[in-house]
Number of protein chains: 2
Amino acid sequence: MSIKKDYIRPVDFKHGRVDMNHGAGGRASAQLIAELFARAFDNDYLRQGNDGALLDIPAGHRLVMATDAHVISPLFFPGGDIGCLSVHGTVNDVAMLGATPLYLSASFILEEGFALADLKRIVESMAAASRDAGVPIVTGDTKVVEQGKGDGVFISTTGIGVVPMDRQIGGALARPGDVVLVSGTIGDHGVAVLSQRESLEFETTIESDTAALHGLVARLLAAVPEGAVHCLRDPTRGGLATTLNEITRQSGVGMLLQETAIPVAPQVNAACELLGLDPLYIANEGKCIVICAAEHADAVLDAMRAHPLGRNAARIGSVTNDPHHFVQMATGFGGRRIVDWLSGEPLPRIC
Amino acid sequence: MSIKKDYIRPVDFKHGRVDMNHGAGGRASAQLIAELFARAFDNDYLRQGNDGALLDIPAGHRLVMATDAHVISPLFFPGGDIGCLSVHGTVNDVAMLGATPLYLSASFILEEGFALADLKRIVESMAAASRDAGVPIVTGDTKVVEQGKGDGVFISTTGIGVVPMDRQIGGALARPGDVVLVSGTIGDHGVAVLSQRESLEFETTIESDTAALHGLVARLLAAVPEGAVHCLRDPTRGGLATTLNEITRQSGVGMLLQETAIPVAPQVNAACELLGLDPLYIANEGKCIVICAAEHADAVLDAMRAHPLGRNAARIGSVTNDPHHFVQMATGFGGRRIVDWLSGEPLPRIC
């Protein structure tokens, strides 16, 4: 391969494929970075051109750091793709500590032979999600593995954000008497991915709810005094049921949910019945649970409902005193059952 | 599978294997995190138990963020493994901006069927490297992909650190007249991995140089006035040759190296001759290039040589005025040749 040719020939994003050279750290790597990643993500930090980024952080804050590996299959699904998902997932983890997300890093593990056209589509979706969220991708890395040693593309993102010094929000802070709210319908993401994977056709397309929630979180936090919101968490893998069990264990409390109050879209309910799945265990990528002091619950709910991503927000239960840390649910038939952790695995590689 | 049993039976790290449940976000995921990751990495930040970590940052600094995906094959090699490598690689990227690394995040992509004993060995090596470096792993994520869709384990790490407000170190800051130093022998890591992979037997075992360089960097920066060191970079993928070409392009300068001054261990030289490789293009994981003002070069060199990781530090060339941004080398035979970027790929999956 002549060096001259290498300089002149642009990357073929129409018919080209990832090859091992793209991960070798030489000329082909530099070219892929310049013509794809740097162009799509373009910002002052990436333009620094070093192996890390130099960043400014507002004074008087604590830092939040969160990371997520994304291995979803299929890579493209109704309502999104691994690119935007990898931005939303990490922005949300940062936002769930009450922090303002500021910067993202991205590391890509590409499989040899993966179509560069698909990679470009994913990177551009990621760039759009990053722009929409106002959180730039400031540094990154790309590796390539041999065909059969990966699965198209895996993306790990890490986010950093800042939180006011005195803000206390976390999974260990739920207190008996608190109210449990959810920002909208549950199960949309998992069912959308599953229907795509199994080529299931429903009457209406079910779309993933993948979205960045930091705007919604900022809105609801601004609506109540500091300290009113005790706990925020996004119910991803394991669904609402598993996430609430994590919180009861961390906080040393119990919960009582009202089954009829939990919002589930009719088509998601129908799909779950057909597939023998329980929406309580299905992953979400654009929903958050809010646990707050009872006297502020209405204000939080109103603030969420005033935001496009919280239109279907609902009060779904309350925090109880329970030495067993059980999540219980009052069913539509007047009974009561224990909502346990996800134990088996209904849906692999959902995020 | 009974829930009760799940509670009681500990993870079998002797004979067990990764299964899809370990990545599902339910009980098996929580158990693997508790019994492996949280135990090995144990620190106050991880114990917060949220999807992100709340961190303190000293005032009056700028932040540095760097990320690396690690896909090295084989996972274990003379002198290290993917675990310690994933700590060193990212700590070094942070240190190369003159920053003090403070925190790491880690995301794991595991292949179904991977031996839990190997995973444990890797995680414990990672924990030891993190402790030795004084940089805790504060948050993480674990995903599992089906057998044949991964390769044992991939690890992406992200590091953050702080740098004094007025410190200016970067790849674009090399100036004609500057001196080029390297902290030790080159090519050790790549040759060690290759010899393991190809089951090559040399008379003496060649070990990877994988190491965290932030201590060495702190030492050399303390030895000279602020501003004396213009550029630091670790020559990983693509080796010394490619890294120097990156710098000449970024800084808009040229370089002239002295071939006989570049330190190469005799057994690495011998292995390279046997394999038809050029040590200039072989990856290093515990070496740094320092470009500094000529009048401070001796002080930097002395400081490096006084540190265990810089014993073989050497002055290998100087920065020139060159509109073509070429890296040239005066050879041992009195000639001169251009040292180009890595173009083909001699060694895939070296980090």
Side-chain angles (χ1 to χ4, degrees), chain A residues 1 3 6 20-21 24-27 48-57 59 62-69 71 93-94 96-97 103 105 107-109 138-141 143 145 148-151 154 156 158 160 163 170-172 233 236-238 242 250 340-345 348-349, chain B residues 1 3 6 20-21 24-27 48-57 59 62-69 71 93-94 96-97 103 105 107-109 138-141 143 145 148-151 154 156 158 160 163 170-172 233 236-238 242 250 340-345 348-349:
Chain A
M1 178 162 39
I3 290 155
D6 248 22
M20 295 303 292
N21 276 321
R27 196 185 301 282
Q48 293 169 2
N50 294 309
D51 288 340
L54 202 57
L55 309 169
D56 287 309
I57 288 287
R62 299 183 76 190
L63 210 68
V64 164
M65 183 180 203
T67 195
D68 260 328
V71 300
D93 280 349
V94 171
M96 293 304 131
L97 285 163
Y103 305 109
S105 69
S107 96
F108 296 85
I109 298 174
V138 298
T139 191
D141 189 32
K143 295 282 158 66
V145 296
K149 302 289 185 185
D151 196 13
F154 302 139
S156 288
T158 301
I160 55 182
V163 63
R233 194 161 291 178
T236 55
R237 279 183 297 177
T242 304
Q250 264 187 278
D340 198 10
W341 292 67
L342 174 69
S343 193
E345 186 195 30
R349 296 183 61 186
Chain B
M1 176 162 43
I3 290 154
D6 247 23
M20 296 303 291
N21 276 321
R27 198 185 299 282
Q48 293 170 2
N50 292 308
D51 289 341
L54 202 56
L55 309 169
D56 285 310
I57 288 288
R62 298 183 76 188
L63 210 68
V64 165
M65 183 181 202
T67 195
D68 259 329
V71 300
D93 279 349
V94 171
M96 293 305 132
L97 286 163
Y103 305 108
S105 69
S107 96
F108 296 85
I109 298 173
V138 298
T139 191
D141 190 31
K143 296 282 157 71
V145 296
K149 301 291 186 185
D151 196 12
F154 302 139
S156 288
T158 301
I160 56 183
V163 62
R233 194 160 292 179
T236 55
R237 279 183 296 178
T242 304
Q250 264 187 278
D340 198 9
W341 292 67
L342 173 69
S343 192
E345 186 196 28
R349 296 183 59 185

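Every chain is numbered from 1 and lettered A, B, ... according to where its sequence line falls, protein lines coming before strand lines. Remember, predicted model here, so these are calculated numbers, not experimental data.
Both the backbone and the side chain of A:Ala53 come within less than 4.5 Å of a heavy atom of chain B. Both the backbone and the side chain of A:Val145 come within less than 4.5 Å of a heavy atom of chain B. Proximity to chain B is absent for every atom of A:Met96, based on heavy atoms less than 4.5 angstrom apart.
When the candidates B:Asp141, B:Leu97, B:Val138, B:Asp93 are compared by the number of heavy-atom contacts under 4.5 Å with chain A, B:Asp141 comes out ahead. Highest contact tally toward chain A, considering only B:Thr67, B:Asp51, B:Ile57, is held by B:Thr67 [criterion: heavy-atom pairs under 4.5 Å]. Looking only at heavy-atom pairs under 4.5 Å with chain B, the residue among A:Val94, A:Ile160, A:Thr236 that has the most is A:Ile160. By number of non-hydrogen pairs under 4.5 angstrom with chain A, the leading residue of B:Gly26, B:Gly52, B:Ala69 is B:Ala69. Of the listed residues (B:Ala172, B:Gly150, B:Gly171), the one with the most heavy-atom contacts under 4.5 Å to chain A is B:Gly150.
Across B:Val71 and B:Arg349, no two heavy atoms sit closer than the pair O-NE, 2.8 Å. The heavy-atom pair separating A:Leu55 from B:Met65 by the smallest distance is CD1-CB, 3.7 Å.
Not counting sequence neighbours, the partners of A:Thr242 by the side chain to side chain contact (heavy atoms under 4.5 Å, CB included) test are A:Glu246, A:Tyr281, A:Trp341, A:Leu342. Residues satisfying the side-chain hydrogen bond (donor to acceptor under 3.5 Å, both in side chains) criterion with B:Asn50, sequence neighbours excluded, are A:Arg233.
Two residues are said to be in side-chain contact when any heavy atoms from C-beta on lie closer than 4.5 Å; B:Phe154 and A:Phe154 meet this criterion. The shortest distance between side-chain heavy atoms of B:Leu54 and A:Val163 falls below 4.5 Å.
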